[in-house]
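Before any comments, here is the structure.
All ligand and atom numbering here is 1-based and tracks the order in the structure.
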Amino acid sequence: MRVAVVGATGRIGRLTVEALERAGHETVGISRTQGVDVYTGEGLVAALTGVDAVIDTSSSAATDHDEAVAFFSRSTINLLEAERQTGVQHHVLLTIVGLARFYGNAHAAGKRAQERLVERGPVSWSIQPATQFHDFAEMATIWTERDGSATVAPLLMQPVAPADVADVLAEIATGQPHGRCPDLAGPELQDLVDLARRTRAARGTPIRLIPTWSGIHGRDMAGDVLLPGPGARIAPTTFDDWLAGETMSRALAPPGG
Ligand SMILES: NC(=O)c1ccc[n+]([C@@H]2O[C@H](COP(=O)([O-])OP(=O)(O)OC[C@H]3O[C@@H](n4cnc5c(N)ncnc54)[C@H](OP(=O)(O)O)[C@@H]3O)[C@@H](O)[C@H]2O)c1
């Protein structure tokens with residue numbers, strides 16, 4: 001099959017391209033660095049010509065509610081219209097578990113708008129909700145790091161390995177449209193502050209962590225809000241195995257690479 005990956009240079013997109021190619025499929029990478037912009041629509045119809053399925057793993061760093069909703073809405077409208085024009089048969093969206101249970105977060109508002117557009121759109125679809133990725137804890141500390149400290153919400157989560165998510169997306173895109181798929185999660189319950197501490201220690205960049213609900217992750221995300229629902233698909237890679245693999249590959253990477 002010929003499968004386009006939107007956000008192909010991103011954390012999940014890159015791994016999804018690898019998973020598809022390992023399984024013998026042809027891929028088309030879509031991102032601004034590859035000359036295609038889903039927000040403006042530039043280059044989209046040309047990129048999707050001859051494509052059987054699209055996996056949308058794009059993202060926006062917007063922390064403003066209206067900006068996040070505008071990015072995910074506009075880019076999805078453009079994408080679905082270009083897919084309709086070019087005869088794409090299957091649209092696969094990666095989304096976040098529990099979006100109907102928390103309302104204070106701008107990114108989540110954008111993802112909810114995106115899900116609605118896909119569900120009502122002209123192309124047969126699969127929507128795969130996933131829990132937070134194993135690298136979420138490190139990102140959360142980077143967003144708020146200042147003078148050797150970072151604020152992190154003490155979120156309860158069941159994080160999943162990025163490569164496991166990519167494998168599932170590749171499998172879904174090369175099958176029949178499925179509608180809403182069962183939640184995808186990793187094998188263990190974790191606390192975000194603890195994950196952040198362990199990740200930064202493994203990286204050799206320890207930091208003072210201040211647990212708080214006053215940042216971008218508020219009390220509406222506390223308790224079991226982020227946890228997978230009944231019948232979830234449980235991916236195999238534990239946080240510790242992922243962290244050990246990451247630490248090893250960083251140690252082996254060429255200097256500056
Ligand atoms: N992080 C988590 O824990 C988690 C959990 C569940 C679901 N998700 C979802 O997973 C998805 C992927 O997240 P990620 O962390 O892998 O994202 P990421 O690393 O930030 O990558 C985002 C990708 O989107 C592309 N992109 C951004 N704006 C674009 C535009 N206008 N046109 C074309 N491409 C554009 C970027 O490439 P360019 O900059 O080159 O354009 C990049 O390839 C997101 O939708 C997120 O909501 C994340």
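- For A130, no nitrogen or oxygen atom sits less than 3.5 Å from a nitrogen or oxygen atom of ligand 1, counting backbone and side chain alike.
- Taking only non-hydrogen atoms, the option from V165, L15, L93, L94 nearest to atom 9 (C) of ligand 1 is L94.
- I96 and F72 fall into different hydrophobic clusters, where Ile, Leu, Val, Met, Phe, Trp and Tyr side chains are chained together by heavy-atom contacts under 4.5 Å.
- Annotation for ligand 1: atoms under 4.0 Å from non-hydrogen atoms of T95 are 6 (C), 7 (C).
- The heavy atom nearest to atom 24 (O) of ligand 1, considering only P129, G10, S59, is found in S59.
- At a 3.5 angstrom cut-off on N or O pairs, I12 counts as close to ligand 1.
- Shortest contact from atom 3 (O) of ligand 1 to any protein heavy atom: F133 N, 2.9 Å.
- The closest donor-acceptor contact from the side chain of E81 to the backbone of T76 lies at 3.5 Å or more, if one exists at all.
- Not one N or O of V6 is nearer than 3.5 Å to an N or O of ligand 1, by distance alone.
- Of the N or O atoms in H107, one or more lie within a sub-3.5 Å distance of an N or O in ligand 1.
- Put simply, the side chain of Q190 never gets that close to the backbone of M157: no donor and acceptor are under 3.5 Å apart.
- Within the cation-pi definition used here (under 6.0 Å to the ring centroid, within 45° of the axis), R32 does not qualify as a partner of Y39.
- Distances between N or O atoms of G7 and those of ligand 1 include at least one value under 3.5 Å.
- Looking at atom 36 (C) of ligand 1, its nearest protein heavy atom turns out to be T9 OG1, 4.0 Å.
- Looking at ligand 1, you won't find any N or O of T131 less than 3.5 Å from one of its N or O atoms.
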